[in-house]
Number of protein chains: 2
Amino acid sequence: MSEVGTIESIPDATVARLPVYLRGLLELADTGVEMVSSVSLAELAGVNAANVRKDLSYLHAHGTRGVGYEVGHLLAEIRVVLGGSRSSPVVIVGVGNLGRALSRYDGFLAGGFPIAGLVDADPMVVGRKVAGTVVRPVGELADVVAQTEATVGIVATPANAAQEAVDRLVQAGIRSILNFAPAVVAVPNFVDIRQVDLATELQILGYHQHRRTGDSDTSLVSG
Amino acid sequence: MSEVGTIESIPDATVARLPVYLRGLLELADTGVEMVSSVSLAELAGVNAANVRKDLSYLHAHGTRGVGYEVGHLLAEIRVVLGGSRSSPVVIVGVGNLGRALSRYDGFLAGGFPIAGLVDADPMVVGRKVAGTVVRPVGELADVVAQTEATVGIVATPANAAQEAVDRLVQAGIRSILNFAPAVVAVPNFVDIRQVDLATELQILGYHQHRRTGDSDTSLVSG
DNA sequence: ACGCTCTTGTGCACCGGTTCACATGGCACT
DNA sequence: AGTGCCATGTGAACCGGTGCACAAGAGCGT
Ligand SMILES: NC(=O)c1ccc[n+]([C@@H]2O[C@H](COP(=O)([O-])OP(=O)(O)OC[C@H]3O[C@@H](n4cnc5c(N)ncnc54)[C@H](O)[C@@H]3O)[C@@H](O)[C@H]2O)c1
Ligand SMILES: NC(=O)c1ccc[n+]([C@@H]2O[C@H](COP(=O)([O-])OP(=O)(O)OC[C@H]3O[C@@H](n4cnc5c(N)ncnc54)[C@H](O)[C@@H]3O)[C@@H](O)[C@H]2O)c1
């Protein structure tokens, strides 16, 4: 049911794959490929071909049977869905090891997410220039957001400061937040927050490794 | 999906939540709390209480009805499941912006994943000391893995070098890999690889933001 | 024009995960 | 011991996602 004025709802799982398709399609476009089949795109993205077709069926990007999809059209359509091909400036709260690395990452800029503002609570960090941007006091966050017209916030503070950082971002009008701190934070339901937990990723790997080796050195408490 | 039968199989979704429970439980233990109910643990972890109970039912950690779960017992049991409380040294391939940030992260060490080895292809980077560890040539990866007894590999190279980096890790005997490069890489099926794609995370946020604002896109690509 | 081939688009069955709802059973207090 | 209370543990419905399998349709060559 497509309603005028509203963008159709696309399943979360599909949305999560669109960026992957985008990457693959950019690669194809670079090498001059103009048409692509669901099978080859699937291979490129590491997913099932039927899944690709179903995903693309949610977009306004129909392919032609017997031929495939037009790379350029697909690219444009995915870009429209993912933020309307509009640039979304990002502000980072907490410019430590991770914050600096993220600031210097040019892949964000290329993807339409320029790092526009940096703030930190530490006076030793404030005033320093990182990747061409001067770090400003966290108290001036609202100003920074306003000046840079940032729409996305990244939290890279220690875990115990994450809730405060998120609160400040929401207060400043940010509605999309990426949180790298290993902490569960509460946000109003009109705010979209995503958690990136690197330590957790390693622990999940650890579980599977443990299982694989089956090396049970621990006191298995069997009932 | 592997079907090794040594240790009981735990659903993936549950495994992904165990580290979160672990964090919450550590917090509780620090503050001297000895018993915890599924409701409060759920709140702490940001999930549904019934879900917590079902998750914990997969472990050998049963609670007592009317009371709750013993924090210490739960902690021990989760630790056992997640890698048997054994330290899993990590080797990082690609010591650029991100690789350096990860090297300096003490949360990994605390979680049982000490950064034991660093390798890079750039002669300018090789030999430099990062977080107390000397960066070695990527050609010596197998040696580094052997010497450090690393069991986990992290790929933090540019995307176009990711497949090569992964191949080297597998060649060196690594069976658990965390890949930060935005690239789909192929691995033998006895290798466990997890993708961390930060740019994708931002793009997903962008989609929801785009939807929320309902700012009907005007830059409709002409046909 | 016709039929062959190729790929899309999708109905449908399957599966893992989530959540509700409630029976089960331990604990404390009288 | 009896009674009330409370939290666990789980059966079952529900839900979103995946992938097979196939019909529908486009292009092409004869
Ligand atoms: N470094 C990594 O590779 C890595 C990996 C995984 C997770 N993390 C997580 O990312 C977060 C940042 O890690 P890091 O290594 O950069 O830590 P860090 O200590 O190097 O940097 C944290 C920065 O946040 C600032 N800060 C502290 N409180 C603040 C506040 N209330 N408002 C604004 N800024 C504040 C500090 O001044 C510091 O500059 C941590 O939560 C960590 O657990 C980091
Ligand atoms: N920096 C970030 O915050 C960030 C964020 C998201 C994703 N990433 C991804 O992480 C990866 C690393 O990012 P970065 O900013 O650290 O890049 P970088 O260019 O700073 O570092 C890459 C490092 O990898 C090394 N390298 C190149 N080819 C290699 C090879 N074949 N073997 C071993 N080492 C090799 C380089 O010498 C360099 O030191 C990239 O794929 C990037 O897309 C980075």
Side-chain angles (χ1 to χ4, degrees), chain A residues 1-2 8-21 24-25 28 33-74 77-78 184 200 204 207-208 211 221 223, chain B residues 1-3 8-21 24-25 28 33-71 73-74 77-78 184 200 204 207-208 223:
Chain A
M1 20 183 146
S2 55
E8 298 110 280
S9 173
I10 298 178
D12 287 346
T14 296
V15 173
R17 277 187 296 269
L18 291 182
V20 185
Y21 298 151
L25 289 168
L28 290 176
V33 178
E34 297 195 348
M35 298 297 291
V36 63
S37 74
S38 63
V39 175
S40 37
L41 184 53
E43 202 168 317
L44 221 50
V47 301
N48 181 285
N51 214 338
V52 170
R53 292 198 292 275
K54 193 154 287 185
D55 284 343
L56 297 184
S57 76
Y58 293 113
L59 315 182
H60 290 287
H62 294 261
T64 50
R65 295 173 182 224
V67 179
Y69 300 86
E70 204 183 324
V71 172
H73 187 211
L74 226 46
E77 203 59 45
I78 293 181
V184 176
T200 293
I204 295 173
Y207 166 78
H208 291 295
R211 263 180 68 76
V221 193
Chain B
M1 288 304 149
S2 55
E3 34 198 285
E8 299 109 281
S9 173
I10 297 179
D12 287 346
T14 296
V15 173
R17 276 187 296 270
L18 290 182
V20 185
Y21 298 152
L25 289 167
L28 289 177
V33 179
E34 297 196 347
M35 298 298 289
V36 62
S37 73
S38 63
V39 175
S40 36
L41 185 52
E43 202 168 317
L44 221 50
V47 301
N48 181 287
N51 214 339
V52 169
R53 291 198 293 275
K54 193 152 286 188
D55 284 343
L56 297 184
S57 76
Y58 293 113
L59 314 183
H60 289 284
H62 292 261
T64 50
R65 296 175 180 220
V67 178
Y69 301 86
E70 202 184 326
V71 173
H73 187 212
L74 225 46
E77 204 59 45
I78 293 181
V184 177
T200 292
I204 295 173
Y207 166 78
H208 291 294

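Letters go in sequence order (proteins before strands), and every chain restarts at 1.
dG19(D) atom C1' lies 12 Å from atom CG of Asp55(A), rounded to whole Å. Put simply, CG on Leu56(B) is 13 Å from C1' on dA7(D), counting in whole angstrom units. In this structure, His73(A) places its NE2 atom 15 Å from P of dT8(C), rounding to the nearest Å. Met35(A) has its CE atom 16 Å from the P atom of dC6(C), to the nearest Å. Note: CD (Glu43(A)) to P (dT7(C)) measures 13 Å, nearest angstrom.
The Asn48(B) side chain lies nearest to dC20(C) when the options are dA7(D), dT8(C), dC20(C). Distance from the side chain of Ser38(A) is smallest for dT8(C) among the nucleotides dG9(D), dT19(C), dT8(C).
Contacts of Ser57(B) classified as side chain to side chain contact (heavy atoms under 4.5 Å, CB included), with partners at least two apart in sequence or in another chain: Lys54(B).
Distance check, rounded to the nearest 0.5 Å: CG of Leu56(A) to CG of Leu18(A) gives 8.0 Å. Atom NE2 of His208(A) is separated from atom CD1 of Ile10(B) by 10.0 Å, given to the nearest 0.5 angstrom. Leu25(A) contributes atom CG, which lies 7.5 Å from atom CG of Leu44(A) (distance to the nearest 0.5 angstrom). Distance check, rounded to the nearest 0.5 Å: CG of Leu28(B) to CE of Met35(B) gives 12.0 Å. Of the inter-residue distances, the one linking Leu74(A) atom CG with His60(A) atom NE2 reads 13.5 Å to the nearest 0.5 angstrom.
Mapping Tyr69(B) and Thr64(A) onto DNA chain D by nearest heavy atom places Tyr69(B) at the nucleotide closer to the 5' end.
Residues Ser38(B) and Arg53(B) come closest through the heavy atom pair OG-NH1, 3.0 Å.
Proximity of a side-chain donor or acceptor of Tyr21(A) to a complementary backbone N or O of Asp55(A) within less than 3.5 Å is not detected. The closest donor-acceptor contact from the side chain of Tyr69(A) to the backbone of Leu41(A) lies at 3.5 Å or more, if one exists at all.
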Which atom pairs link the protein and nucleotides 10-14 of chain C when you take only N or O atoms and keep those under 3.5 Å?
residue : atom : partner  : partner atom : Å
dG11(C) : O6   : Lys54(A) : NZ           : 3.3
dC12(C) : N4   : Lys54(A) : NZ           : 3.4

Pull out every protein N or O sitting under 3.5 Å from an N or O of nucleotides 14-17 of chain D, one pair per line with the distance.
residue : atom : partner  : partner atom : Å
dG17(D) : OP1  : Ala13(A) : N            : 3.3

